[in-house]
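For reference, the structure discussed in these notes is given below.
Reckoned from all heavy atoms, side chains included, excluding hydrogens, waters and symmetry mates. Nothing here was measured: the structure is a model prediction, and the numbers come from that model.
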Amino acid sequence: MHIKHLLTALSILITIIVNGQKKVTQGIALNLGYSYVNTNTGYFGGEYGYRFNSIDWTGITIGAGAFMGNFNREFKFIPEAHVTYSHAILLGEFSITQHNINPSIGLHLFNLMRLKVGYSWKMGNENVRMQGITFGLNVLLGSSGFYDDFNLKVVH
């Protein structure tokens with residue numbers, strides 16, 4: 001019976017130590033990128049990131065910006081808003097404009113760069129054709145709290 005109590009206490013102590021090491025961070029970043037949304041576009045925007053856990057790089061980012069490109073032979077800026085959830089190196093994102101909705105999945109590198117692929121559904125009766133398979137590459141330039149912590153320890 002004493003061993004059971006000892007193991008329970010040890011388990012609680014390990015949980016407290018591990019949870020105490022979690023570091024919550026937040027920051028802002030400039031988002032610059034390339035996207036293919038049935039046409040080649042540039043992207044410019046801003047992001048607010050909140051990291052729940054710096055140990056496993058779990059967090060959520062909210063952003064807004066604009067796609068810039070030729071849509072039906074006319075150069076346009078199309079406003080966009082998105083929310084991104086990331087865990088480890090994986091991410092899921094939901095993006096919306098007045099012309100489409102676009103869920104996507106992808107990879108991120110320390111919240112510094114994102115590579116994603118998705119599918120865009122057209123909304124409304126506009127002549128802007130933003131539908132089909134999408135992909136993008138974004139570089140995020142921000143404050144230190146925006147990025148994921150990476151510590152490399154050398155053991156002798």
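Judged purely by atom type and a 3.5 angstrom limit, His108 uses its side chain to pair as donor or acceptor with the backbone of Ala88. Without hydrogens or angle criteria, Ser120 side chain to Gly132 main chain gives no donor-acceptor distance under 3.5 Å. Remark: the backbone N or O of Gln131 is not paired with any side-chain donor or acceptor of Asn100 at under 3.5 angstrom. Judged purely by atom type and a 3.5 angstrom limit, Tyr43 uses its side chain to pair as donor or acceptor with the backbone of Gly65. Remark: side-chain polar atoms of Thr134 are not paired, donor with acceptor, to backbone N or O of Val37 under 3.5 angstrom.
Looking only at atom types and distance, the side chain of Arg51 has a donor-acceptor partner in the side chain of Ser86 under 3.5 Å away. Counted by atom type alone, Thr97 and Glu80 present zero donor-acceptor pairs between their side chains at under 3.5 Å.
Side-chain contact between Leu107 and Leu90 is present, with heavy atoms from C-beta onward closer than 4.5 Å. In this structure the side chain of Asn138 reaches within 4.5 angstrom of the side chain of Lys116, judged on heavy atoms.
With rounding to the nearest 0.5 angstrom, the CG atom of Leu91 is 11.5 Å from the CG atom of Leu109. Atom OG1 of Thr39 is separated from atom CG of Asn70 by 6.5 Å, given to the nearest 0.5 angstrom. Atom-to-atom distance recorded for Ile133:CD1 and Asn102:CG is 11.0 Å, nearest 0.5 angstrom. Between the CD1 atom in Ile89 and the CZ atom in Arg114 there is a gap of 14.5 Å [rounded to 0.5 Å]. A distance of 9.0 Å separates CG of Asn38 from CE of Met130, quoted to the nearest 0.5 Å. Atoms OG and CE, on Ser35 and Met68 in that order, are 9.5 Å from each other to the nearest 0.5 Å.
Within 6.0 Å of the CZ atom in Phe44, the count of heavy atoms belonging to other residues, nucleotides or ligands does not exceed 12. Counting heavy atoms of neighbouring residues, nucleotides and ligands inside a 6.0 Å radius, atom CG of Leu141 exceeds 12 of them. Ile105 CD1: 12 or fewer foreign heavy atoms inside a 6.0 Å radius.
The aromatic rings of Tyr34 and Phe135 are tilted relative to each other, their planes meeting at an angle between 30° and 60°.
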Derivation and outcome, side-chain contact (heavy atoms from CB on, under 4.5 Å), residues His99 and Phe71 | CA-CA 11 Å; His99 303 290; Phe71 296 92; over 6 Å; no
Going through the checks in order, is the side-chain contact (heavy atoms from CB on, under 4.5 Å) test met by Ile28 and Glu47?
-> CA-CA 5 Å; Ile28 58 171; Glu47 306 258 334; over 6 Å; no
Residue pair Tyr119, Val117: steps toward the side-chain contact (heavy atoms from CB on, under 4.5 Å) verdict | CA-CA 7 Å; Tyr119 191 85; Val117 62; over 6 Å; no
Determine, stepwise, if the pair Lys76 / Val128 fulfils side-chain contact (heavy atoms from CB on, under 4.5 Å).
-> CA-CA 10 Å; Lys76 292 183 180 184; Val128 175; 3.5 Å; yes
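The minimum heavy-atom distance linking Leu140 with Ala29 is given by the pair CB-CB, 4.4 Å. Here the closest heavy-atom approach between residue Gly27 and residue Ser143 is recorded as CA-OG, 3.4 Å. Pro79 and Phe77 get closest at one heavy-atom pair: CD-O, 3.7 Å.
Both Trp121 and Ile96 are members of a single hydrophobic cluster when ILVMFWY side chains are connected at heavy-atom separations under 4.5 Å. Ile78 and Met123 fall into different hydrophobic clusters, where Ile, Leu, Val, Met, Phe, Trp and Tyr residues are linked whenever their side-chain heavy atoms come under 4.5 Å apart, directly or through other members.
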